[in-house]
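Order of listing sets the numbers, starting from 1, for every ligand and every atom in it. The first residue in the sequence is number 1, and the count goes up from there.
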Amino acid sequence: MTINIGVIGTGAIGREHIRRCSQVLQNSRVVALNDINRSNCEQVINELGLDAQIYDNAHDLINDTAVQAILVTSWGPTHEEFVLACIKAGKPVFCEKPLAVTAQGCLNIVEAEINAGKKLVQVGFMRPYDSGYRALKEVITRGDIGEPLMLHCAHRNPSVGDAYTTDMAITDTLIHELDVLRWLLNDDYVSAQVIFPRKTRNASSHLRDPQIVLLETTRGTRIDVEIFVNCDYGYDIQCEVVGELGIARLPEPVSVQTRSAAKLSTAILTDWKKRFIDAYDVELQDFIDNVASGEMTGPSAWDGYAAAVAADACVAAQNSGEILPVKMPPKPAFYA
Ligand SMILES: NC(=O)C1=CN([C@@H]2O[C@H](COP(=O)(O)OP(=O)(O)OC[C@H]3O[C@@H](n4cnc5c(N)ncnc54)[C@H](O)[C@@H]3O)[C@@H](O)[C@H]2O)C=CC1
Ligand SMILES: O=C1[C@H](O)[C@H](O)[C@@H](O)[C@H](O)[C@H]1O
């Protein structure tokens, strides 16, 4: 069964997902595109040789019977509107992170999905599909290092543009750790604090960079995440788990080690599209398979909401400088 997919937002990740749904994955084809910048749709149709229709209105795409499932890959502030429209149309939707830019926006989606009586949403949290994070979780679950006591993480980008703001370090960047560490530890957060080290000269004047986010979980595990989005040297994701009996680290991406000119060196990736390229394939194949089976099993709207609740607390902590509570409501049985 080939799933006919419509895509809203044909920018950087939209084109990547269109490519994989058209040329890499099984049982999917892209038949419909929408973007406020129509030329972006025309460009991707030409680049990939797509047999797809351009819709000037995203809601027309969502409601067209020719479209069986939707990818929302537009800017974050537009996600809530489009996901709610997909739920209203009864159509499965893969929404890139963030599900919505506030916890309330995510809760609106959770409530709509529960009222619809059927899970239709998968959120684009790809790290639980990454083989490195899955291997790390297996070590923890097996008990090889005992109970996790502390995590030391880093999320480093080589650089970001002037449009990137201090709160985006939480809502657009840290949101990945906020999701994957809940999954990794099978735990939730109870408090958040944000501290600001000395600022890099490579950051825009308005941007506080780097930042360190300190989190505590319900079991007392303490997490520190360095967010450094103008680190210059590469796109570098680190996660070290310190347990009672040992330490486990997220594997580095595979890279050839060279010895030349009296140096031993290994290349570091510089692009998020490459760092998690396999995880993006696996998450979207999972979505396509779930659409065909009728049962959504990937990162849910509740996962999107849980990450957003923690993100809201982190953004408030950026402004207050205080240790703030993360008030996570109990998960509804609908998402058990
Ligand atoms: N999972 C991941 O690792 C990543 C996720 N993302 C997420 O994907 C989303 C898109 O990010 P990028 O592709 O980097 O941005 P982008 O700016 O490259 O592309 C966004 C596209 O959406 C279009 N758009 C904006 N508002 C729209 C609207 N109302 N209706 C239709 N189209 C609209 C824009 O014209 C643009 O073509 C964001 O939510 C971002 O957080 C982005 C990069 C990586
Ligand atoms: O989702 C993403 C990318 O995956 C990077 O990890 C982040 O640093 C970036 O800010 C965000 O758009």
Numbered atoms and elements of ligand 2 in range of Lys97, under 4.0 angstrom, heavy atoms: 1 (O), 2 (C), 11 (C), 12 (O)
Among His176, Met126, His155, the residue with a heavy atom nearest to atom 7 (C) of ligand 2 is His155
What protein heavy atom sits nearest atom 10 (O) of ligand 2, and how far off is it? Thr173 OG1, 2.8 Å
Using only atom types and a distance under 3.5 Å, with no angle test, would you say the side chain of Lys97 pairs donor to acceptor with the backbone of His176? no
List the residues meeting side chain to side chain donor-acceptor pair (under 3.5 Å) with Arg127, not counting sequence neighbours, and say none if there are none. Tyr133, His155, Glu177
So for ligand 2, is Asp172 a polar contact partner (N or O within less than 3.5 Å, distance only)? yes
Quick one: does any side-chain atom of Thr266 pair with a main-chain N or O of Ser255 as donor and acceptor, under 3.5 Å? no
Short side-chain donor-acceptor distance under 3.5 Å, Gln43 and Arg15: yes
So which of Asp188, Asp187, Asn186 actually passes side chain to side chain donor-acceptor pair (under 3.5 Å) with Thr217? Asp187
Close approach, Phe276 and ligand 2, non-hydrogen under 4.0 angstrom: no
Short N/O distance, under 3.5 Å, between Tyr164 and ligand 2? no
Please answer whether the main-chain N or O of Ile175 pairs with a side-chain N or O of Asp179 as donor and acceptor at a distance below 3.5 Å. no
Check each heavy atom of Asn157 against ligand 2 and say whether those closer than 4.0 Å belong to the side chain, the backbone, both or neither. side chain
Can any side-chain N or O of Thr73 pair as donor or acceptor with the backbone N or O of Ile8 at less than 3.5 Å? yes
Ligand 1: protein residues within heavy-atom distance under 4.0 Å: Ile8, Gly9, Thr10, Gly11, Ala12, Ile13, Asn34, Asp35, Ile36, Asn40, Thr73, Ser74, Trp75, Gly76, Thr78, His79, Phe82, Glu96, Lys97, Pro98, Gly124, Met126, Asp172, His176, Trp272, Tyr280
Give yes if a backbone or side-chain nitrogen or oxygen of Tyr235 is under 3.5 Å from a nitrogen or oxygen of ligand 2, and no if not. yes
Mark yes or no for whether Thr102, through its side chain, and Gly105, through its backbone, hold a donor-acceptor pair below 3.5 Å. yes
Validate the cation-pi geometry between Arg208 and Phe196: distance from NZ or CZ to the six-membered ring centre under 6.0 Å, angle to the ring axis within 45°. yes
Evaluation steps, salt bridge (charged side-chain N to carboxylate O under 4.0 Å, His left out), between Arg142 and Glu138: CA-CA 6 Å; Arg142 236 185 3 239; Glu138 193 176 320; 3.1 Å; yes
